[in-house]
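To start, the structure under review is shown below, and the notes come after it.
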Amino acid sequence: MHLVLVDGSSFIFRAYHALPPLTRKSDGLPVGAVSGFSNMIFKLTEDLKGENEPTHFAVIFDYSGTSFRNELYDQYKAHRPEAPEDLIPQFPLTRAATRAFCLPSIEQEGYEADDIIATYACQMRDRGGKVTIVSSDKDLMQLIDDDHVQMLDTIARPGQPPMRWMGPEEVMKKFGVTPDKVVDVQSLCGDPVDNVPGIPGIGVKTAALLINEYGDLETLLARASEIKQQKRRESIIEHADLARISKKLVQLDCNMPLDVPLDDLVRQPLEAKTLIPFLKAMEFTSITRRVASVLEIDPDDFEPDAELAAKGASIPGAIDVSDGPAPASGVAGPDAHAEKVLEAIRAIPCNLDDYEIVRDETALANWIADIVATGHVAVDTETTGLDNQAADLVGICLSTRPGKACYIPLGHTTGNDDMFGGGRAEGQMDMRLALDMLRPVLEDPAILKIGQNVKYDMGIFARYAITMAPIDDTLLMSYALDGARNNGMDALALRWLDHTCLKFTDLAGTGKNQLTFDKLEIEPAAKYAAEDADITLRLWHILKPRLVAQGVTTVYETLDRPLTPVLARMEARGVSVDRQILSRLSGDFAQRAAALEETAYELAGEKFNLGSPKQLGDILFGKMGLEGGTKTKTGAWATGASVLDDLAAQGVPLAQTILDWRGVTKLRSTYTDALPSYINERTKRVHTSYNQASVATGRLSSNEPNLQNIPIRTEDGRKIRTAFIAAPGNLLISADYSQIELRVLAHIADIDALKDAFEEGLDIHAMTASEMFGVPIEDMDPMVRRRAKAINFGIIYGISAFGLANQLGIARSEAGEYIKTYFARFPGIQDYMAEQRRIVKAQGYVSTIFGRKIPFENVNTKNPSERAFIERASINAPIQGSAADIIRRAMIRMERILTEENVPADMLLQVHDELIFEAPADKAEQAIPIIKRVMEGAAEPALRLSVPLQVDAKAAENWEAAH
DNA sequence: CGTTTCCCTTA
DNA sequence: GTAAGGGAAACGC
């Protein structure tokens, strides 16, 4: 008899870390570890053919959660990082893979895989059979014995044979003792990986020495006083208990009650009809081929496993629809699954009276127990305002399953009549107590927190020292699915549930008399609040399977969701803005505006409102009778900058005066006057808010205040940037991608000339001009270069002769000639454009290089201008969007790498192709190369761009100087 | 008092 | 020609 026990968990982690990420082609389900795992299992079954052929065979997994060892020692495996996000959905699939190979998949609650392995091994040994443990985990070496139990390490290591059998000899090499004494050695030396303490100051070598001298741990501890070395003796005496605890942690349990008896592990032959459908559902083509050839069957005779193909990632806690009625269409697959879930959720009534108000510890404890049992919870916070850096927590809502939700009032006040805001309302828990109870749940890596716009709640909780993780966000899910539509909760509730949510304004009123949430009566507030949590949870159930069905899981999980905590931290940090500089500038601008106003009145011959386009139009084209005025679409005179520029060039001094006036008043009203009002009382810094789901292409947007449109072009404008300063003792670092969109275009459209130019570090606009107009790059006429630059930008924007002519102030026919010349020289660009036009019409969306979908409505419109607009936007979207994806990737990994490199630089702002950091003055130069490296390598390893990315970075006291 | 239009700022 | 946010005037209730 020969029993083979595979340490399944170590296979999974090895497969995950050793292989590049792999996702299922059809829907982006992460399957890299499943693929590696399947390969390893298959290879193992092949390698064990012949004289080693097993009679019994099983794969053993760790049961998720804690084991009895945690009760012995709460720090056991405490430092173990949680599994990566894209690995978690692969765990159930590896179990499925095991079963597909006709192998028993064994795991048992409360026990680690090692204990299960130990128990089976002992039973087989006692029967006189042979045991092979397939693992590279040294903790299992205690099970090795001379005749019966050996280990097999199949993990590939450079310079070593692919299969390494391990017996007592290898144990002696590793631990310096015979296998039966491994436990004693480990009890002494401990194990930092599993956080087994051992005795401080004793390593493997010393431990082996001591055990070999004294025989075993207890004898050693009893006779510790005989040890000659003082330090060692004292440490052992002092920490004897630690060694005893360590022994219990390390000692594997050979007598645990097994759910599956040894006899049930009898080896079954591989069966094509179970294995091939699994492999096909996973879309593992090469292993399918190899298996088919070994089994001598034709894989085409088998269909993919419908349930696995449809189900995609098994979602913890997902509504079970496996027994539900088939949808009308009868089509199986991820779409059908998503539709079933939608129907199931919609069938659950939404009753506001069912919601609970949690007012005491007992009620909250019940909810927490429910959350722990469920493994996920929808969370929503209610606060005193929309700015999460200024607002205070008023209450928390939770929902664990559709229709079941609660509201926990914590900060409601009474007596809205008295000017002090009244006292604390009755029937509320102490906020500190409630938060202390909820903190372990909100921070538990095993409990998923679901929200709608989670970044807001993360920001609130962060101010109460709670780090909410891990998360799912229905706003971001909807964004990944449907793009920058209205993805607000009210809209989603209506779209997916036909449900109209209670309106906040109905409770609180509108305008300047609107009440803040803390002023609301608890009972009506609770209905509104709990409804939000209920709806959020329902939306999560509905949207999650749709991500799989629509093939956007990877986008959501790698580009959208992980960015949320990063942005939450950036928002919380804020940026320092110098009030004095702005105030001085404001005065300066005001003075100049006043002078310009006087001039304007004189030139116009009357006083009028310079800020009124209507009045200005009347004066210019009415009273002064100027020619060439055009009307806007509402029939008013157009007075935009281009119109005034023309007039000024024709010698109308008033036009230039207005332009200058608009320049300074714009700077004053939008920047110098508005920015100081955003300085937060508490932090003395300005905290913008990033909208992660509002831009169609995947860019971020920034508001309240918008820090992505701070002036830079004009000299006056740049002065405003000098007010963005580093905190004392620090510097700001600005790092920006050079020409990222043109580089992305060169990659996507595969334009050799552009790629070569970037590779050689040429001036890309000069090179374009040289190619188009046949002039040398050296000593180029700036006007020629300017034309080429406009064309390059035009290409990115989905060029039209009309637009280019406008931009360059030339005739449309001439612009058309330029474009023709350009396309003749770079035909690949024209192909790219045609392809995007085709794609958007065929499928209703275009995609970035990382798979983000940018949907368009009315793609088959007959309206020529609307059609042209959609075409231009769909040419631009993959370029702008891919660049946006790249900087997102950089941001997601930036903080971890800076931390690892021990460089304390804080990421503060993002401006599409630029990141702003704040770092101690003496660390800034150290940070710059790291920041550049992360940004320039941000596409990898998912993609290898065919052009280099270039980042320029500089540190200085203020943003103007750093840029 | 809320919404739309016009204009202007950024990448 | 792409993608945003926002201030002030104008409009509409």
Side-chain angles (χ1 to χ4, degrees), chain A residues 483-484 505 509-514 608-617 631-644 658-659 661-675 678 688-691 694-714 716-718 720-721 736-742 745 790-808 812 815 819 833 836 846 854 865 868-881 883-884 887 909-914 963:
Chain A
T505 49
T510 57
K512 67 178 163 68
N513 292 322
Q514 187 172 61
F608 68 104
N609 182 350
L610 271 69
S612 162
K614 189 166 129 69
Q615 293 181 34
L616 176 63
K631 299 279 181 83
T632 66
K633 61 173 180 278
T634 55
W637 291 111
T639 64
S642 65
V643 176
L644 297 183
I658 298 288
L659 284 170
W661 181 87
R662 279 185 184 167
V664 288
T665 52
K666 170 76 178 176
L667 292 178
R668 200 163 94 94
S669 65
T670 310
Y671 302 105
T672 60
D673 287 1
L675 278 174
Y678 285 104
T688 184
S689 167
Y690 288 101
N691 195 330
S694 73
V695 181
T697 55
R699 275 189 180 180
L700 304 179
S701 73
S702 152
N703 63 17
E704 292 190 354
N706 182 353
L707 296 186
Q708 291 183 321
N709 70 348
I710 302 301
I712 192 168
R713 279 171 223 224
T714 66
D716 278 335
R718 275 198 297 279
I720 289 164
R721 289 194 172 216
D736 68 306
Y737 284 106
S738 160
Q739 306 286 4
I740 188 169
E741 292 191 349
L742 277 176
L745 172 67
I791 292 168
N792 277 333
F793 273 95
I795 295 295
I796 290 171
Y797 297 154
I799 203 154
S800 75
F802 180 85
L804 183 62
N806 260 341
Q807 177 68 31
L808 287 175
R812 201 182 313 181
I819 295 169
M833 292 182 158
Q836 298 308 313
V846 292
I854 296 123
S865 64
F869 175 77
I870 289 170
E871 289 181 356
R872 288 194 300 271
S874 50
I875 288 164
N876 170 260
I879 305 170
Q880 187 183 117
I887 197 166
L909 302 175
Q910 190 249 41
V911 192
H912 308 310
D913 65 357
E914 175 188 13
H963 190 81

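Within every chain, numbering begins at 1; the chains are lettered A, B, ... in the order of the sequence lines, protein sequences first and strands thereafter.
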Name the closest nucleotide to the A:N709 side chain, picking from B:dT9, B:dC6, C:dT2.
B:dT9

Closest to the side chain of A:S612, out of C:dG1, C:dA10, B:dC8, is C:dA10

What is the distance, rounded to the nearest whole Å, between atom CG of A:L700 and atom C1' of B:dA11?
12 Å

Counting only side-chain heavy atoms from C-beta out, which of B:dC7, C:dG1, B:dT9 sits nearest to A:P711?
B:dT9

For a quick test of reading the model: is some side-chain N or O of A:T697 closer than 4.0 Å to OP1 or OP2 of C:dA4?
no

Close approaches to DNA chain C from residues 663-672 of chain A, in residue order (heavy atom, under 4.0 Å):
A:K666, A:S669, A:T670

To the nearest angstrom, how far is A:I795 atom CD1 from B:dA11 atom P?
21 Å

Is A:R699 close enough to B:dA11 that one of its side-chain N or O atoms is under 4.0 Å from OP1 or OP2 there?
no

So A:Y737 and A:E914, side chain to side chain contact (heavy atoms under 4.5 Å, CB included) or not? Walk me through it.
CA-CA 6 Å; A:Y737 284 106; A:E914 175 188 13; over 6 Å; no

Less than 4.5 Å apart, any side-chain heavy atom of A:N706 and any of A:T688?
no

Looking at the side chain of A:A873, which of C:dG5, C:dT2, B:dG2 is the nearest nucleotide?
C:dT2

Given the structure, check if the side chain of A:Q708 and the base of B:dT10 hold any donor-acceptor pair shorter than 3.5 Å.
no

Separation of C:dA4 C1' from A:N706 CG (nearest whole Å):
7 Å

Of the listed C:dA3, B:dC1, B:dT10, the closest approach to the A:K512 side chain comes from B:dC1

Just compare C:dC11, C:dT2, B:dC6 and give me whichever is closest to any side-chain atom of A:F869.
C:dT2

Which nucleotide, C:dG5, B:dC7, C:dG1, lies nearest any side-chain atom of A:F802?
C:dG1

Check the phosphate of C:dA3 against A:S701, side-chain N and O only, distance under 4.0 Å to OP1 or OP2. Yes or no?
no

Do the non-hydrogen side-chain atoms of A:Y690 and A:L909 ever get within less than 4.5 Å of each other?
yes

Would you mind listing every side chain to side chain donor-acceptor pair (under 3.5 Å) that reaches into residues 790-805 of chain A, with sequence neighbours excluded?
A:H765-A:N792, A:T768-A:N792

Nearest listed nucleotide, side chain of A:R721, among C:dA3, B:dC8, B:dA11:
B:dA11

Distance in angstrom units between A:R713 CZ and B:dC8 C1', rounded
11 Å

